[in-house]
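Report on the following structure.
When a ligand or atom number is given, it counts from 1 through the structure's own listing order. Source: prediction; values computed, not measured. In this chain, numbering begins with 1 at the start of the sequence shown.
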Amino acid sequence: MDFQVSEKMTTILEMVNGFIDAEVIPLEGEMLHGDPEELAEKVAAAQVKVRQMELWAPNHPVEFGGMGLSMVDHGMLTEALGRTPLGHTVFGCQAPDAGNIEILHRYATPAQRDRFLRPLVAGEIRSCFSMTEPGMPGSNPVMMATTAVKDGDDYVINGQKWFTSSADGANFAIVMAVTDPDAPAYQRASMILVPTDTPGFNLVRNVSVRGHPGTGHASHGEVIYESCRVPQSNLLGLEGGGFVIAQERLGPGRIHHCMRWIGIASRAFDLMCERAIGRQIDPSGDTLADRQVIQHWVAELDAEIRGARLQTLHAAWVIDQHGAKAARDEISAIKFSVANTMLHAVDKAIQVHGALGVTDDTILSHWYRHERAARIYDGADEVHKTSLGRRILRGYQTPAAES
Ligand SMILES: Cc1cc2nc3c(=O)[nH]c(=O)nc-3n(C[C@H](O)[C@H](O)[C@H](O)COP(=O)(O)OP(=O)(O)OC[C@H]3O[C@@H](n4cnc5c(N)ncnc54)[C@H](O)[C@@H]3O)c2cc1C
């Protein structure tokens with residue numbers, strides 16, 4: 001294992017961190033209190049500068065205008081971008097587009113590449129990923145009610161999805177639907193590209209999350225597919241291959257999430273320390289930083305965040321060396337442990353800020369509101385713990401017990 005940061009990456013990380021501090025964090029006030037249209041203009045202006053610096057879409061292959069970074073390098077970059085909720089958007093690698101780009105890059109036909117992939121990487125359009133259904137357990141997606149039935153040269157899709165993140169304003173959805181109900185469980189479903197202007201694609205609402213329905217990219221759509229007809233040439237990959245593709249999307253995607261969460265934890269930690277140093281709590285001049293309980297929180301969180309970072313970089317390194325399948329245990333472990341580290345950091349930072357922590361005068365309450373979901377999406381804590389625990393225990397079975 002070698003986490004030596006190359007000279008090139010050191011330079012890139014300095015540039016990115018400097019840009020995030022100078023140009024992106026100052027936009028957070030606009031995001032929390034301002035006009036969404038003005039924010040969009042400022043984000044677009046920042047994106048132009050990112051392209052000029054040749055840092056656009058860092059995780060994508062070079063032939064698509066990206067930087068073609070390894071998983072470890074992209075992980076470090078993602079931490080830097082994750083220090084603000086706007087970081088990934090400004091650099092052209094935000095979810096769900098980033099994951100969709102990965103699978104399109106791998107499975108799209110030449111025609112699908114031209115129509116969907118190239119403009120997506122260029123940031124000209126947005127996309128969404130439509131798999132979870134309100135009436136079915138997302139934790140066990142083989143239970144899926146949405147169907148895509150062949151009719152002539154088309155698929156006709158019917159079903160109800162929700163938490164199709166960023167559907168509002170997206171140009172197309174990658175929809176998971178049952179194409180063969182009689183096939184073995186993991187071969188029943190397929191992924192199909194559905195332009196959102198197709199008749200029968202109905203964005204019913206942006207689901208309100210903790211008091212905020214959101215708009216545009218920052219929203220979670222409920223979508224009803226009603227006799228939604230697309231050509232069979234919009235099938236992505238093989239028919240019945242939906243779960244294989246989903247698995248490939250989720251593995252590296254979890255590294256991206258975890259490193260973004262470490263970015264959040266680091267920034268929350270910085271805000272916490274700055275507040276502790278600056279907040280006088282006694283006429284003698286004592287600040288919060290003079291209290292032992294705060295010193296312990298700082299030390300404990302520092303250790304937790306360092307551990308989470310190394311654990312995630314290690315998982316990224318295993319993917320770089322041996323592929324996502326070989327990193328199954330590492331990915332399961334970071335998915336639940338890093339999510340909880342990040343939430344712990346945000347919670348502690350809010351506590352140190354007192355009443356200020358729950359206001360929208362800092363970014364902390366935004367994260368408290370939205371990032372609770374980290375323990376649910378891309379595999380709930382309990383699901384990852386069960387599968388990791390089971391695999392670990394299997395290694396302790398005696399040959400007699402195995403037979
Ligand atoms: C902010 C956010 C964004 C999302 N974005 C998208 C998106 O873009 N596209 C998309 O398709 N979906 C998206 N999702 C949906 C997400 O993938 C699902 O919420 C997730 O898969 C869990 O499914 P569920 O909500 O149906 O919960 P359920 O499957 O009903 O599970 C509920 C709870 O039961 C427990 N549980 C479940 N299974 C087990 C088990 N085997 N053992 C023990 N306990 C268990 C867990 O605590 C779990 O949280 C998003 C969700 C959120 C919150």
Side-chain angles (χ1 to χ4, degrees), residues 85 88-89 94-104 120 126-146 157 159-178 185 189-194 196 201 203-225 236 242-243 245-251 253-254 256-257 260-261 264 332 335-336 339-340 342-343 346 366-391:
H88 285 80
T89 301
Q94 70 285 352
D97 299 321
N100 288 345
I101 285 169
E102 274 165 27
I103 57 176
L104 284 168
L120 191 57
R126 285 199 293 101
S127 66
C128 55
F129 184 70
S130 204
M131 179 154 142
T132 306
E133 304 180 351
M136 290 288 167
S139 302
N140 188 9
V142 293
M143 293 176 68
M144 184 172 290
T146 301
I157 304 172
Q160 183 185 18
K161 302 284 188 182
W162 79 338
F163 279 86
T164 298
S165 298
S166 313
D168 184 3
N171 179 276
F172 70 94
I174 299 180
V175 182
M176 186 85 150
V178 173
S190 307
M191 288 201 189
I192 300 173
L193 294 154
V194 178
T196 53
F201 179 99
L203 175 61
V204 180
R205 60 171 176 149
N206 287 333
V207 182
S208 182
V209 173
R210 301 187 122 186
H212 293 254
T215 55
H217 177 256
S219 65
H220 305 289
E222 178 178 336
V223 182
I224 294 186
Y225 297 87
L236 185 63
F243 287 112
I245 305 178
Q247 232 13 70
E248 283 177 26
R249 186 181 189 279
L250 288 174
R254 286 171 183 143
H256 303 172
H257 279 312
R260 182 174 64 79
W261 296 336
I264 293 173
S332 278
K335 173 62 184 57
F336 66 81
N340 282 283
M342 177 269 293
L343 291 171
V346 172
H366 171 90
W367 279 326
Y368 197 71
R369 213 164 36 237
H370 292 289
E371 298 299 340
R372 174 60 181 81
R375 294 183 51 207
I376 296 171
Y377 57 72
D378 280 14
D381 283 9
E382 294 72 23
V383 174
H384 284 290
K385 286 182 187 177
T386 301
S387 58
L388 176 62
R390 209 186 274 149
R391 287 199 298 271

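Checking atom 53 (C) of ligand 1 against the protein gives a heavy-atom contact under 4.0 Å. Atom 44 (N) of ligand 1 lies below 4.0 Å from at least one non-hydrogen atom of the protein. The nearest protein heavy atom to atom 34 (O) of ligand 1 is not closer than 4.0 Å.
Close approach of ligand 1 to I376 is summarised as follows: ligand atoms under 4.0 Å from at least one heavy atom of the residue are 19 (O), 20 (C). Per-residue contacts place F129 under 4.0 angstrom from the following atoms of ligand 1 (heavy atoms of the residue considered): 7 (C), 8 (O), 9 (N), 10 (C), 11 (O). Residue A380 approaches ligand 1 through these ligand atoms, each under 4.0 Å from one of its heavy atoms: 46 (C), 48 (C), 49 (O). Atoms of ligand 1 found under 4.0 Å from any heavy atom of A373 (numbered from 1 in listed order, with element): 1 (C), 53 (C).
With distances taken over non-hydrogen atoms, the option nearest atom 46 (C) of ligand 1 out of M143, M136, E382, K161 is E382. Of the listed residues (T132, N100, V209), the one carrying the non-hydrogen atom nearest atom 12 (N) of ligand 1 is T132.
Among protein heavy atoms, atom 24 (P) of ligand 1 sits closest to G138 N, 3.6 Å. Nearest protein neighbour of atom 42 (N) of ligand 1, counting heavy atoms only, is T386 OG1, 4.3 Å. If you check which protein heavy atom lies closest to atom 5 (N) of ligand 1, you get S165 OG, 2.8 Å. The shortest contact between atom 30 (O) of ligand 1 and any protein heavy atom is with P137 CA, 4.1 Å. Annotation: atom 41 (N) of ligand 1 to nearest protein heavy atom, V383 CG2, 4.2 Å. Nearest protein heavy-atom contact of atom 6 (C) of ligand 1 is F163 O, 2.7 Å. Scanning all protein heavy atoms for the shortest distance to atom 31 (O) of ligand 1 gives S139 OG, 3.4 Å.
Residue H220 is tested with S165, S166, S208 for a side chain to side chain donor-acceptor pair (under 3.5 Å); the sole match is S165. A side chain to side chain donor-acceptor pair (under 3.5 Å) with D378 is found for exactly one of R254, H256, H257, namely H257.
Listed by first and then second residue, the side-chain hydrogen bond (donor to acceptor under 3.5 Å, both in side chains) pairs involving residues 127-137 are D97-S127, N100-S127, S130-T164, S130-Y225, E133-T146, E133-K161 (not counting sequence neighbours).
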For E222 and Q160: C-alpha separation, side-chain torsions, deciding distance, then whether side chain to side chain contact (heavy atoms under 4.5 Å, CB included) applies. CA-CA 7 Å; E222 178 178 336; Q160 183 185 18; 2.8 Å; yes

Could you give me the CA-CA distance, side-chain angles and deciding distance for I264 and V346, then say whether side chain to side chain contact (heavy atoms under 4.5 Å, CB included) is met? CA-CA 8 Å; I264 293 173; V346 172; 3.8 Å; yes

Derivation and outcome, side chain to side chain contact (heavy atoms under 4.5 Å, CB included), residues E382 and R375: CA-CA 9 Å; E382 294 72 23; R375 294 183 51 207; 4.3 Å; yes

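We find the CE-CH2 distance between M342 and W367 to be 9.5 Å, quoted to the nearest 0.5 Å.
By the 6.0 Å contact criterion, OH on Y377 is enclosed, its count of non-hydrogen atoms from other residues, nucleotides or ligands being greater than 12.
Nearest heavy atoms, A173 versus F201: CB-CE1, 4.0 Å.
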